**Q** 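Got a structure here, written out as structure tokens. Questions coming.
For ligands, and for the atoms within them, numbers begin at 1 and follow the listed sequence. These numbers were taken from a predicted model, which means no experiment stands behind them.
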Amino acid sequence: MTRASESENWAIVGGGLLGMTLALRLAEAGRQVTLFESAPELGGLASAWRLGEVVWDRHYHVTLLSDTHLRALLDELGLEKEMRWVETRTGFYTDGQLLSMSNTVEFLKFPPLGLVGKLRLGATIFYAARVKDWKRLEKVSVAEWLRKLSGRRTFEKIWLPLLRAKLGESYRQASAAFIWATIQRMYAARRTGLKKEMFGYVPGGYARILARFGEMLEKRGVRVHLKHKRRKVETETGGALALEFEDGAREAFDQVVLTVPGTVAARACAELTEEEQAKLKGVQYQGIICASLLLKKPLADFYVTNITDSFVPFTAVIEMSALVDREQFGGHALVYLPKYVAPDDAMFDLSDEEIRESFLNAIARMYPHFERSDVVAFQVSRVPYVFPLPTLNYSDKLPAMRTSVEGLHIINSAHIVNGTLNVNETVQLAEKSAARLLSQPERDVSREVAARVAEEYEDEAICQPVPGP
Ligand SMILES: Cc1cc2nc3c(=O)[nH]c(=O)nc-3n(C[C@H](O)[C@H](O)[C@H](O)COP(=O)(O)OP(=O)(O)OC[C@H]3O[C@@H](n4cnc5c(N)ncnc54)[C@H](O)[C@@H]3O)c2cc1C
């Protein structure tokens, strides 16, 4: 490492977990780092907010036992040992009925499918969990692949509603690598030598993780600037890169890393070539409208309830209080109702009141014991760019992380090529990218975590026959 590179001045734009982890690793390697975030707090998609009297994640978040990159980071933050691990149950709302699908016996009893359908569904999941060559699956449409493996009826009864739930009508453009990555995540524990998959959380949620992370960044000398929205980035005479902010302020750096969505990054830098612009804008995103409800009593005891009935205006019911101790929510139940939509969907124009009406009507129909007076608080989060659609041959169309503009790098969730969007993948991407930016070998602390976890959970059994959202 040369003295010149050590004194390099780096800017990271985007204070989500990707930008935060990158900032930490660059600062640990002796670089001067400034982190810019447009929101008033760190954390991006994982940030927390106040819902009534409760402070918890704006979007539902769980950690899996096999999330070794994230767990290694939590260990550095001194929080990993506090994690609570819970075996949760999965529900299915189908043909007007709420059914449990939490173990093999319930799966075999599941009424909407006949025995042959169940066997084919089980065989599809078993097969997908064992496929190694994901690149091959990028060439095949997910609908075609699942229809062939599971049969038409199982595809229409189970897979199609699940695909529509996450991808909307864009499921037609998605490749089989999407469902492969989803199944791989749910069965990752087995790949790492564990026989069981459990869901975990840190008491206090991401608010606590992010606060501790912010302190760590400060200790390592990272300057954190909140409420700083980057408007553009351009080369100055002399070669430095200038960042210009919404309030007109400018600051120059040797190296800039944008961790924001590709389309947003493309708009910021006019010096990128036409080909780079086209690749960045070519990544199609899926957005989300996610309602949080604080309730006086629980709806059911499923962490995830998948929905196959079309009258329901949301994608799934995520009952966080089926996982997290209700004492964390002042004794209340916390429920998320997500709806994944395209960034230009008309649903983004609905008011909170309109969303509340339509969502609560559906909840009342699904759960007969639910009363409107149970609702203590209701809030809506809207994000137009959440994750890139895994279209056919996705990895061949990816924009490069290092751009043609000297010193400018664009790294974001679009670079998670063979996985789903989750914090473990985000942290792993940050660790890999930091090593590349610093021309250093990648640290693999996560291996130690994997070995420790495998020892702790060696003799346990399995659950979760169908992956949730
Ligand atoms: C509904 C939902 C459920 C999820 N569930 C889970 C789960 O159960 N488990 C799990 O592990 N993960 C889950 N995730 C995924 C997890 O939240 C992401 O993996 C992670 O937060 C991505 O971090 P990021 O830094 O890449 O992106 P982001 O969090 O999007 O960070 C980008 C940051 O850039 C900032 N920014 C944008 N434009 C500008 C600008 N012009 N100037 C300055 N700053 C800017 C944004 O404000 C944001 O803070 C979920 C996500 C969602 C939405």
**Q** What is the distance from atom OH of Tyr206 to atom CH2 of Trp56, rounded to the nearest 0.5 Å?
**A**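 Interatomic distance, Tyr206 OH to Trp56 CH2, rounded to 0.5 Å: 11.0 Å.
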**Q** Suppose I only count heavy atoms of His228 and a 4.0 Å limit; which atoms of ligand 1 are within that range?
**A**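 Taking each heavy atom of His228 in turn, ligand 1 has 42 (N), 43 (C) under 4.0 Å.
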**Q** Number the atoms of ligand 1 from 1 as they appear, then name those within less than 4.0 Å of a heavy atom of Ala46, with their elements.
**A**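 Contacts of ligand 1 toward Ala46, numbered from 1: 21 (O).
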**Q** Is it the side chain (CB and beyond), the backbone, both or neither of Tyr336 that lies under 4.0 Å from ligand 1, heavy atoms counted?
**A**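 The answer is neither; Tyr336 stays 4.0 Å or more away.
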**Q** Should you measure from each heavy atom of Val13, which atoms of ligand 1 turn up under 4.0 Å away?
**A**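 Those qualifying, in numeric order: 42 (N), 43 (C).
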**Q** Atoms of ligand 1 less than 4.0 Å from Asn422 heavy atoms?
**A**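 Numbered from 1, ligand 1 contributes 10 (C), 11 (O), 12 (N), 15 (C), 19 (O).
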**Q** With atoms numbered from 1 as shown, which atoms in ligand 1 lie under 4.0 angstrom from a non-hydrogen atom of Val423?
**A**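 Contacts of ligand 1 toward Val423, numbered from 1: 10 (C), 11 (O), 12 (N), 16 (C), 19 (O).
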**Q** Give me the nearest non-hydrogen protein atom to atom 14 (N) of ligand 1 as residue plus atom name, then the distance to 0.1 Å.
**A**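 Answer, as residue, atom name and distance: His61 NE2, 3.2 Å.
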**Q** How about Leu258 and Arg230: do any of their side-chain heavy atoms sit closer than 4.5 Å?
**A**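 In short, these two side chains touch, coming nearer than 4.5 Å.
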**Q** At what distance is the nearest protein heavy atom to atom 42 (N) of ligand 1, and which residue and atom is it?
**A**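 Of the protein heavy atoms, Arg230 N, 2.9 Å lies nearest.
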**Q** Any protein heavy atom lying closer than 4.0 Å to atom 27 (O) of ligand 1?
**A**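 Not a single protein heavy atom is under 4.0 Å away.
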**Q** Tell me yes or no: between the side chains of Ser381 and His59, is some donor less than 3.5 Å from an acceptor?
**A**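 Per modelled atom types, Ser381 and His59 side chains form a pair under 3.5 Å.
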**Q** What is the nearest protein non-hydrogen atom to atom 29 (O) of ligand 1, stated with its residue, atom name and distance?
**A**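 Among all protein heavy atoms, the one nearest atom 29 (O) of ligand 1 is Leu45 N, 2.8 Å.
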**Q** When you look for heavy atoms under 4.0 Å from ligand 1, do you find them on the side chain of Arg231, its backbone, both, or neither?
**A**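 Within the 4.0 Å criterion, Arg231 makes no contact with ligand 1.
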**Q** Rounded to the nearest 0.5 Å, what separates atom OG1 in Thr263 from atom NZ in Lys281?
**A**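 The NZ atom of Lys281 is 9.5 Å from OG1 of Thr263, to the nearest 0.5 Å.
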**Q** At a non-hydrogen distance cut-off of under 4.0 Å, which region of Val62 contacts ligand 1 (side chain, backbone, both, or neither)?
**A**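 Answer for Val62: both.
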**Q** For atom 47 (O) of ligand 1, what is the nearest protein heavy atom, given as residue, atom name and distance?
**A**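 In this structure, atom 47 (O) of ligand 1 has Glu37 OE2, 2.6 Å as its nearest protein heavy atom.
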**Q** For the 3.5 Å polar cut-off, considering only N or O atoms, please tell me whether Tyr60 and ligand 1 meet it.
**A**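 Yes: some nitrogen or oxygen of Tyr60 is under 3.5 Å from one in ligand 1.
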**Q** Looking only at protein heavy atoms, which one is nearest to atom 31 (O) of ligand 1, and how far off is it?
**A**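 Protein heavy atom at minimum distance: Gly16 CA, 3.5 Å.
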**Q** Among all protein heavy atoms, pick the one closest to atom 39 (C) of ligand 1 and tell me residue, atom and distance.
**A**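 Here the nearest protein heavy atom works out to Val260 CG1, 3.6 Å.
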**Q** Checking a contact table here: which protein heavy atom is nearest atom 25 (O) of ligand 1, and how many Å away?
**A**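 I find the closest protein heavy atom is Leu18 N, 3.0 Å.
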**Q** Give the atom numbers and elements of ligand 1 that come within less than 4.0 Å of a heavy atom of Ile288.
**A**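 Ligand 1 atoms under the 4.0 Å threshold to Ile288: 1 (C).
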**Q** Kindly say whether Val131 contributes a backbone atom to a donor-acceptor pair with the side chain of Trp180 at under 3.5 angstrom?
**A**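 Such a contact is found between Trp180 side chain and Val131 backbone.
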**Q** Below 4.0 angstrom from a heavy atom of Gly44, which ligand 1 atoms are there? Numbered from 1 as shown, please.
**A**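 That gives atoms 29 (O), 48 (C), 49 (O) of ligand 1.
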**Q** Compute whether any side-chain donor of one residue and acceptor of the other, for Arg58 and Ser47, lie under 3.5 angstrom apart.
**A**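 Yes - a donor-acceptor pair under 3.5 Å links their side chains.
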**Q** Got the closest protein heavy atom to atom 45 (C) of ligand 1, with its distance?
**A**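 Scanning the protein heavy atoms, the shortest distance from atom 45 (C) of ligand 1 goes to Ser38 OG, 3.4 Å.
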**Q** To check you understand the geometry: which heavy-atom pair defines the closest contact between Pro338 and Ala316, and what is its length?
**A**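 Answer, listing the atom of Pro338 first, then Ala316: CD-O, 3.1 Å.
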**Q** When you check the side-chain N and O atoms of Gln286 and Ser170, is any donor under 3.5 Å from an acceptor?
**A**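 There is no such pair (donor and acceptor under 3.5 Å, judged by atom type) between the side chains of Gln286 and Ser170.
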**Q** Any idea which heavy atoms bring Ile355 and Leu350 closest together, and the distance?
**A**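 In terms of heavy atoms, the two residues are closest at CG1-CB, 3.9 Å.
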**Q** Please name all residues satisfying side chain to side chain contact (heavy atoms under 4.5 Å, CB included) with Val405, sequence neighbours left out, ordered by chain then number.
**A**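 Val405 satisfies side chain to side chain contact (heavy atoms under 4.5 Å, CB included) with Thr235, Leu241, Cys269, Glu271, Leu272, Thr403, Leu408 only.
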**Q** Thr426 versus ligand 1: do any nitrogen or oxygen atoms come within less than 3.5 Å of each other?
**A**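 N/O-N/O distance under 3.5 Å: yes.
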**Q** Quick one: look at Val386 and ligand 1, take heavy-atom pairs under 4.0 Å, and tell me if it's side chain, backbone, both or neither.
**A**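 The answer is the side chain.
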**Q** Answer with yes or no whether the side chains of Arg71 and Thr63 bring together a donor and an acceptor at under 3.5 Å.
**A**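 Looking only at side-chain atoms, Arg71 and Thr63 do not form any donor-acceptor pair under 3.5 Å.
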**Q** Heavy atoms, side chains only, cut-off 4.5 Å: are Val233 and Val13 in contact?
**A**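 Side chain of Val233 against side chain of Val13, heavy atoms only: no contact under 4.5 Å found.
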**Q** Between Val86 and Tyr201, which heavy-atom pair has the shortest distance, and what is it?
**A**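 Of all heavy-atom pairs spanning Val86 and Tyr201, the closest is CG2-CE2, 4.5 Å.
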**Q** Relative to the heavy atoms of His59, which atoms of ligand 1 are at a distance of less than 4.0 Å?
**A**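 The atoms of ligand 1 under 4.0 Å from a heavy atom of His59 are 1 (C), 2 (C), 52 (C), 53 (C).
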**Q** Grab the two heavy atoms, one from Gly262 and one from Leu280, that are nearest each other, plus how far apart they are.
**A**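 Nearest heavy atoms, Gly262 then Leu280: O-CB, 3.7 Å.
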